[in-house]
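Below is one structure, written out as structure tokens, with a few remarks after it.
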Amino acid sequence: MNATQRLKQAEKGAILSIITYIILSSSKLLFGKLFFSQALFSDGLNNLTDVLSSLLVFAGLKISQKPADKNHPYGHWKFETLASLITSFIMCIIGIEVIRNASHTIMNPNPELPSLITAIVGFISGIMMYGVYRFNDSLAKKINSIGLKAAAKDNYSDALTSISTSIAIFAASLGISWLDGVMAFIVGIMILKTSYDVFSESTFQLTDGFEPEEMKEYKPLILSHPEVKSIEELKARRYGSNVYLDLTVCMDPNLTVWRSHEITEEIEIELAENFGINFIDIHVEPYKKS
């Protein structure tokens with residue numbers, strides 16, 4: 001499966017997230033407002049940001065599939081990551097607003113206790129979101145999509161948040177009214193935490209950051225070829241869900257150009273099959289004994 005096919009598969013997860021978040025956010029905002037639950041209303045705002053996030057991810061996946069052109073010789077893969085960065089800013093704004101409203105609720109508690117209906121809505125939402133998480137997590141592992149893996153983690157976080165919210169609302173409906181506002185505050189903190197995580201990951205990738213530990217996994221495969229005497233240079237960067245690898249290997253200077261070329265092609269095929277790396281630039285240098 002090539003990079004474009006993986007992006008098309010990832011679209012399925014983004015579409016599922018969009019539909020589910022629209023249903024959940026509208027339900028939570030409506031029931032939270034009608035039945036006096038600030039925690040459920042805040043969780044609805046959280047899901048509303050997730051609608052925007054999923055829409056941005058979907059748009060990023062679509063734009064990323066555009067072929068390379070004169071101004072983008074390496075393609076448009078980074079638009080997926082750029083969409084995630086914009087999402088983090090939106091989440092941050094919503095998180096601050098949720099905390100502000102929750103603080104007001106804690107300082108000025110609503111005499112109306114939240115209805116048990118809102119706890120049921122929150123619990124059902126959590127179960128639905130857990131199902132979305134399982135689907136996206138399974139699909140992300142199958143197609144090795146970093147963007148969808150991040151979305152799946154967000155789905156899992158939202159599932160836990162919804163279930164926690166339902167428990168807090170249930171307690172508040174029994175008379176512990178302050179717990180509803182406190183849970184809303186916690187939801188706001190969780191939104192900000194997710195916003196920071198998305199921002200950090202996005203900026204790390206956009207600045208061509210790459211985990212050294214991941215690169216170490218490539219070395220045994222490369223050095224498994226007896227003709228490769230050493231690795232002179234190994235660098236990697238991400239373009240969306242794709243890894244671009246720059247590799248310089250040292251080989252016996254007595255090898256023919258044709259044989260050296262064959263070995264580099266073998267390495268490229270093995271890296272693609274074992275790690276899903278389809279963009280590899282290999283340069284060969286003559287090996288010099290020290």
Side-chain angles (χ1 to χ4, degrees), residues 1-12 60-84 138-150 201-290:
M1 186 181 296
N2 61 36
T4 301
Q5 290 173 328
R6 288 202 303 269
L7 288 175
K8 287 186 178 297
Q9 287 291 314
E11 286 179 10
K12 295 179 181 178
L61 289 170
K62 278 292 186 184
I63 298 173
S64 294
Q65 295 174 48
K66 292 177 62 178
D69 55 34
K70 183 178 180 181
N71 294 323
H72 301 86
Y74 289 98
H76 298 75
W77 307 110
K78 284 195 175 184
F79 274 89
E80 181 183 356
T81 312
L82 183 61
S84 297
S138 176
L139 182 59
K141 290 177 180 177
K142 179 181 177 181
I143 64 177
N144 194 30
S145 170
I146 295 176
L148 198 57
K149 285 178 184 177
E201 178 67 19
S202 300
T203 53
F204 183 72
Q205 290 196 21
L206 287 171
T207 54
D208 289 341
F210 202 88
E211 293 293 343
E213 291 300 319
E214 190 172 347
M215 272 191 287
K216 287 181 181 179
E217 296 178 5
Y218 309 148
K219 291 183 177 181
L221 185 149
I222 298 167
L223 293 172
S224 66
H225 293 263
E227 297 89 349
V228 177
K229 303 302 181 182
S230 65
I231 297 174
E232 181 76 16
E233 187 176 50
L234 177 61
K235 295 188 295 186
R237 60 197 186 280
R238 293 193 186 279
Y239 278 73
S241 298
N242 307 295
V243 173
Y244 279 66
L245 196 66
D246 296 305
L247 172 64
T248 300
V249 293
C250 295
M251 296 187 192
D252 188 334
N254 295 315
L255 287 175
T256 64
V257 173
W258 179 256
R259 180 54 187 153
S260 298
H261 176 69
E262 279 186 330
I263 296 167
T264 60
E265 285 195 330
E266 290 171 6
I267 293 173
E268 289 177 0
I269 292 171
E270 291 172 3
L271 286 171
E273 291 177 346
N274 288 273
F275 301 101
I277 306 173
N278 295 307
F279 301 93
I280 308 169
D281 183 18
I282 304 181
H283 179 68
V284 178
E285 290 280 353
Y287 177 68
K288 299 177 183 179
K289 294 182 179 180
S290 55

- Any donor-acceptor N or O pair under 3.5 Å, side chains His283, Glu232: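 No.
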- Carefully, step by step, assess Arg259 and Glu227 under the rule side-chain contact (heavy atoms from CB on, under 4.5 Å). CA-CA 10 Å; Arg259 180 54 187 153; Glu227 297 89 349; 2.9 Å; yes
Close side-chain approach of [X] to [Y], heavy-atom, < 4.5 Å:
X      : Y      : answer
Val249 : Val284 : yes
Glu201 : Gln205 : yes
Ile263 : Leu255 : yes
His225 : Ile267 : yes

- Message: Under the criterion side-chain contact (heavy atoms from CB on, under 4.5 Å), I'd like the reasoning laid out for Thr248 against Lys235: C-alpha separation, chi angles, the key distance, then a yes or no.
- Response: CA-CA 9 Å; Thr248 300; Lys235 295 188 295 186; over 6 Å; no
- Query: For Thr207 and Thr203, which heavy atoms make the closest approach, and how far apart are they?
  - Reply: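 For Thr207 and Thr203, the tightest heavy-atom pair comes out as OG1-O, 2.7 Å.
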- Taking only residues two or more places apart in sequence or in another chain, which ones pass salt bridge (charged side-chain N to carboxylate O under 4.0 Å, His left out) with Arg237?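 Partners of Arg237 by the salt bridge (charged side-chain N to carboxylate O under 4.0 Å, His left out) criterion, ordered by chain and then number, come out as Asp246.
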- Item | Candidate pair Leu223 and Ile231, rule side-chain contact (heavy atoms from CB on, under 4.5 Å), full reasoning | CA-CA 8 Å; Leu223 293 172; Ile231 297 174; 3.8 Å; yes
- Query: Do the ring planes of Tyr218 and Phe275 sit parallel (below 30°), tilted (30 to 60°) or perpendicular (above 60°)?
  - Reply: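 Ring orientation, 0 to 90° scale: perpendicular.
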- Query: Counting N and O atoms only, with roles assigned by atom type, does the side chain of Asn274 sit under 3.5 Å from a partner on the main chain of Leu271, one being a donor and the other an acceptor?
  - Reply: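 Flag not set: sc Asn274 to bb Leu271 has no pair under 3.5 Å.
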- Would Glu285 and Met251 count as a side-chain contact (heavy atoms from CB on, under 4.5 Å) if you check the C-alpha gap in whole Å, the side-chain angles of each, and the deciding distance to 0.1 Å? CA-CA 6 Å; Glu285 290 280 353; Met251 296 187 192; over 6 Å; no
- Query: With a 4.0 Å cut-off, would you call Glu214 and Arg238 a salt bridge?
  - Reply: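 Salt bridge flag = yes for Arg238 with Glu214.
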